[in-house]
2 protein chains.
Amino acid sequence: MPESSVKKPSRIQLRNRRVILDAALEVFSKHGYRGATLDQIAAEAGLSKPNILYYFDGKEDIHVTLLSQLMDTWLDPLVALDPNGDPRREILDYIDRKLKMAVELPRESRLFANEILQGAPRISPELHSHLKPLFDEKCAVIAGWVDAGKLPPLDPQHLLFSIWATTQHYADFEAQARVLLGAEADPQPRALAHLRAMFGALLAQPG
Amino acid sequence: MPESSVKKPSRIQLRNRRVILDAALEVFSKHGYRGATLDQIAAEAGLSKPNILYYFDGKEDIHVTLLSQLMDTWLDPLVALDPNGDPRREILDYIDRKLKMAVELPRESRLFANEILQGAPRISPELHSHLKPLFDEKCAVIAGWVDAGKLPPLDPQHLLFSIWATTQHYADFEAQARVLLGAEADPQPRALAHLRAMFGALLAQPG
DNA sequence: TCGTGGATTTACCAAATGGTAAAAAAACAA
DNA sequence: TTGTTTTTTTACCATTTGGTAAATCCACGA
């Protein structure tokens, strides 16, 4: 059994753990936690089921590992929001990064959405330890901008909610968008233009 | 066996089908389709599992029935968008209704979100037959307002996406919002104020 | 090349789960 | 009340699924 804290993982361990996590991301994001089976993940990874359980303690272990690793990536765009930058530009750039990430990493977006939809039973600790502090920090930054008169009065918390909701919507509800937009090749450019217009209007200084 | 097309359903049938669908909504919205079990639904409904299968052909039948019945309710706010009303007021009122519905019917919102997240495997027909025509119709209405100069240039399709995303976010990602907003009693008033400000800014006539 | 520990497979298992058959019970019309 | 139909329960079943034990294979350092 691979000892996590004693020996450093071999090349095979490193490769297979990565392969398994990638397969699991594919399957979990498509079917949700309960809907995914170890057999599916094994097939996707090109490994046998017991072999997968050789690298992870169980289905839940895989899921939690995925979510934890993903959390950091997922928060990167918000981390990059610079308190010293120009407020409007910072927020609009953040929207760009967030939409780009949702479009490029739809599996990750759906994995998170699934988990939150179910009440975040397995990621709740990470939410408190990682997301919450960052959220509070950046809300304070935005509130500071508002107080300094650099932004019109607005609610930082709900502003961030709106940004998350609108950007991730394109990944999470892709099935709906496909039906409604028809065979449109790539909705991203129009989506981005719309979001920039919308949030740009909100952030515009009155007068 | 209850014959759907021949005899009219008895009082018992009517009551039990309603009880079962309500229990199923509770369970499906909480655990997703695969995560929900007939035993859970039976327990929630206070009936035995075989008794439930006496009223429905199977798990999928219950799910599809739920989704179909829900679709109408879910589209009501958009149906009420009046082509002859004042454009800005119509859209802002629509946002009010949509947010109210998401907050009051979070189980329904999550049921839909779950289904769409999984790629809409069971509701795809309804999407094409009900949602798509209504979507196209109302997009045309909004586009007409834009063409008539009653609204600033905007993308009707992505406007509706944004409204859906932001309003349903409060139901679908409630677990996240609970963590981030702390023990705040009712986020709805601030959410509504934010959404009115945001979409109000977008819809404001330039100049 | 040989031995050892890490990696993989084979053959399972127990529990959960969707579903069924048929008997029993309840409701109801005559 | 009686006969019939509807509703409910009891007792199952086959499959799926997460997981395990043990044997086997294989990479690699000495």
*Asks:* So does B/D96 pair up with B/R196, basic N to acidic O under 4.0 Å?
*Replies:* yes

*Asks:* Do any side-chain nitrogens or oxygens of B/N51 fall under 4.0 Å of OP1 or OP2 in D/dT7?
*Replies:* no

*Asks:* Go through the structure and list residues passing side chain to side chain contact (heavy atoms under 4.5 Å, CB included) with B/R178, not counting sequence neighbours.
*Replies:* B/E174, B/A175

*Asks:* Please report the C-alpha distance between B/K132 and B/D136 in whole Å, then the side-chain angles of each, then the deciding distance to 0.1 Å, and finally whether the salt bridge (charged side-chain N to carboxylate O under 4.0 Å, His left out) criterion is met.
*Replies:* CA-CA 6 Å; B/K132 180 78 158 65; B/D136 289 342; 2.8 Å; yes

*Asks:* Round to the nearest Å and state the distance from B/Y55 atom OH to D/dT7 atom P.
*Replies:* 5 Å

*Asks:* For C/dA7, does OP1 or OP2 lie under 4.0 Å from any side-chain N or O of A/Y54?
*Replies:* yes

*Asks:* With no hydrogens and no angle check, just 3.5 Å: does a side-chain donor-acceptor pair link B/Q157 and A/R190?
*Replies:* yes

*Asks:* What pairs with A/D186 under side chain to side chain contact (heavy atoms under 4.5 Å, CB included), at least two apart in sequence or on another chain?
*Replies:* A/Q188, A/P189

*Asks:* Report the distance from atom CG of B/L14 to atom P of C/dA27, rounded to the nearest whole Å.
*Replies:* 17 Å

*Asks:* Sugar-phosphate atoms are those with a prime plus P, OP1 and OP2; base atoms are the rest. Using that split, label each nucleotide of nucleotides 10-30 of chain D B, S or - for protein heavy atoms under 4.0 Å, 5' to 3'.
*Replies:* BB-----SBBB----------

*Asks:* Between atom CD1 in A/I52 and atom P in C/dA7, what is the gap in whole Å?
*Replies:* 15 Å

*Asks:* In whole angstrom, give the distance that lies between atom CD1 of A/I20 and atom P of C/dA7.
*Replies:* 11 Å

*Asks:* How would you list, by chain and number, every residue that makes a salt bridge (Lys or Arg N to Asp or Glu O under 4.0 Å) with B/D61, sequence neighbours excluded?
*Replies:* none

*Asks:* Would a line drawn from the ring center of B/W164 to the ring center of B/F135 be shorter than 6.0 Å?
*Replies:* yes

*Asks:* Between P on C/dT10 and CG on A/L47, what's the gap in Å once rounded to a whole number?
*Replies:* 13 Å

*Asks:* Given D/dT6, is OP1 or OP2 found less than 4.0 Å from the side-chain N or O atoms of B/Q13?
*Replies:* no

*Asks:* Which of residues 115-124 of chain A sit near DNA chain C, with a heavy atom under 4.0 Å from it?
*Replies:* none

*Asks:* How would you list, by chain and number, every residue that makes a side-chain hydrogen bond (donor to acceptor under 3.5 Å, both in side chains) with B/S29, sequence neighbours excluded?
*Replies:* none

*Asks:* Would you mind reporting whether B/F199 and B/L159 have side-chain heavy atoms less than 4.5 Å apart?
*Replies:* yes

